[in-house]
Amino acid sequence: MKKSAILAFLGLSVLGFSQNTNIPKEEKVRDNTLLVKTDHAELDAKKKAAEEKAKLPKPYNPKADAQADINKLVAQAKKEGKNIILQAGGNWCIWCLRFNNFVQGTPELKELVDKNYLYYHLNYSPDNKNEKVFAQYDNPGEKFGYPVFIVLDKNGKMIKVQQSDVFEEGKGYSKDKVKEFFKTWKPKA
């Protein structure tokens, strides 16, 4: 009796697993192929982003004493009559690195920045979150993501916080939008 029950169970199991679904074999193969292509596309995109990130300059210093650096910039800004831009982010952030590279590699933008601003890369990373410094500016990275720009007047007073997504264009930034931002917040004559 036990043998016949086991054989019946095995027979029904084989029959159940061998039943044909109504999905043609070509569709099964095509579905699997699409999944593989999607995975490869995502992996390729991540690989390209990592390669790009590796090539870009790393302007953020997690070991810096950001408050002391900003205090020095305020003293210098008073003497030179310039405003200060704090570009908050980190070397982990590809958009932060892209923005830095974009400004440094675009002569018109670099000249506008050098003439009107003292520029500082305010680090936010697991190594150094600069929580006290960010708290002074109402933690804009938590609200807007990174990079985020904090514009200070020559006395160190915050006059503008600007999220960066409004400058984005494709995988980079709009020269006209960035230029307009720099022109708008330069020191008043």
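Count residues from 1 along the sequence. Only a predicted model underlies this, so the values are computations on that prediction, with no experimental measurement involved.
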| query | Looking at Ala88 and Tyr146, what are the two nearest heavy atoms and their distance? | reply | O-CD2, 3.4 Å

| Are there more than 12 heavy atoms of other residues, nucleotides or ligands under 6.0 Å from atom CD of Glu111? | no

| Should we say atom NZ of Lys53 is surrounded by more than 12 heavy atoms from elsewhere, each under 6.0 Å from it? | yes

| said: For Cys96, is there any backbone N or O sitting under 3.5 Å from a side-chain donor or acceptor partner on Gln87? | reply: yes

| request: Would you please say whether a donor-acceptor pair under 3.5 Å links the side chains of Asn123 and Ser125? | output: yes

| message | Does any part of the side chain of Thr184, heavy atoms only, come nearer than 4.5 Å to the side chain of Glu180, both counted from C-beta? | response | yes

| task | Please check if the side chain of Tyr117 supplies one atom and the backbone of Lys186 the other of a donor-acceptor pair under 3.5 Å. | result | yes

| Rounded distance [0.5 Å steps], CG in Asp69 versus CG in Leu118 | 12.0 Å

| field | Residue pair Ala66 / Leu122: nearest heavy atoms and the distance that separates them | value | CB-CD1, 3.5 Å

| request: Please confirm whether the backbone N or O of Trp92 pairs with a side-chain atom of Tyr60, one donor and one acceptor, at under 3.5 Å? | output: no

| query | Can you tell me how far the CG atom of Asn100 sits from the NE2 atom of His121, to the nearest 0.5 Å? | reply | 3.5 Å

| query | Gln67 and Lys132: side chain to side chain contact (heavy atoms under 4.5 Å, CB included), yes or no, with the steps? | reply | CA-CA 9 Å; Gln67 189 60 63; Lys132 288 181 181 177; over 6 Å; no

| Any Lys183 side-chain heavy atom under 4.5 Å of Leu112 side chain | yes

| query | Okay, side chain of Ser174, backbone of Glu169: is any donor-acceptor separation there less than 3.5 Å? | reply | no

| query | Any side-chain heavy-atom pair from Pro187 and Asn116 closer than 4.5 angstrom? | reply | yes

| query | Would Val166 end up clustered with Phe181 when hydrophobic side chains under 4.5 Å apart are linked, directly or stepwise? | reply | yes

| message | Please report the interatomic distance CG(Leu56) to CD1(Ile94), rounded to the nearest 0.5 Å. | response | 6.5 Å

| Say you draw a straight line from CD1 of Ile70 to CD1 of Ile150; how long is it, rounded to the nearest 0.5 Å? | 7.5 Å

| Is any NZ, NE, NH1 or NH2 atom of the basic residue among Glu51 and Lys55 found under 4.0 Å from an Asp or Glu carboxylate oxygen of the other? | no

| Does some side-chain heavy atom of Trp95 sit less than 4.5 Å from a side-chain heavy atom of Asp165? | no

| note | Between the CG atom in Asp153 and the CE atom in Met158, the distance rounded to the nearest 0.5 Å is 11.0 Å

| message | Could you check whether any side-chain N or O of Lys63 sits under 3.5 Å from a backbone N or O of Asn128, counting only pairs where one atom can act as donor and the other as acceptor? | response | no

| task | Measure the shortest side-chain to side-chain distance between Arg98 and Tyr173 over non-hydrogen atoms and say whether it is less than 4.5 angstrom. | result | yes

| note | Only residue of Phe144, Trp185, Phe167 satisfying side-chain contact (heavy atoms from CB on, under 4.5 Å) with Phe149 is Phe167

| Which pair of non-hydrogen atoms, one from Asn139 and one from Glu131, has the smallest distance, and what is that distance? | OD1-O, 4.3 Å

| field | More than 12 heavy atoms of other groups within 6.0 Å of Lys154 NZ | value | no

| remark: Interatomic distance, CG@Leu73 vs NZ@Lys82, rounded to 0.5 Å, equals 11.0 Å

| query | Is a side-chain donor or acceptor of Asn155 paired with a backbone partner of Lys157 at a separation under 3.5 angstrom? | reply | no

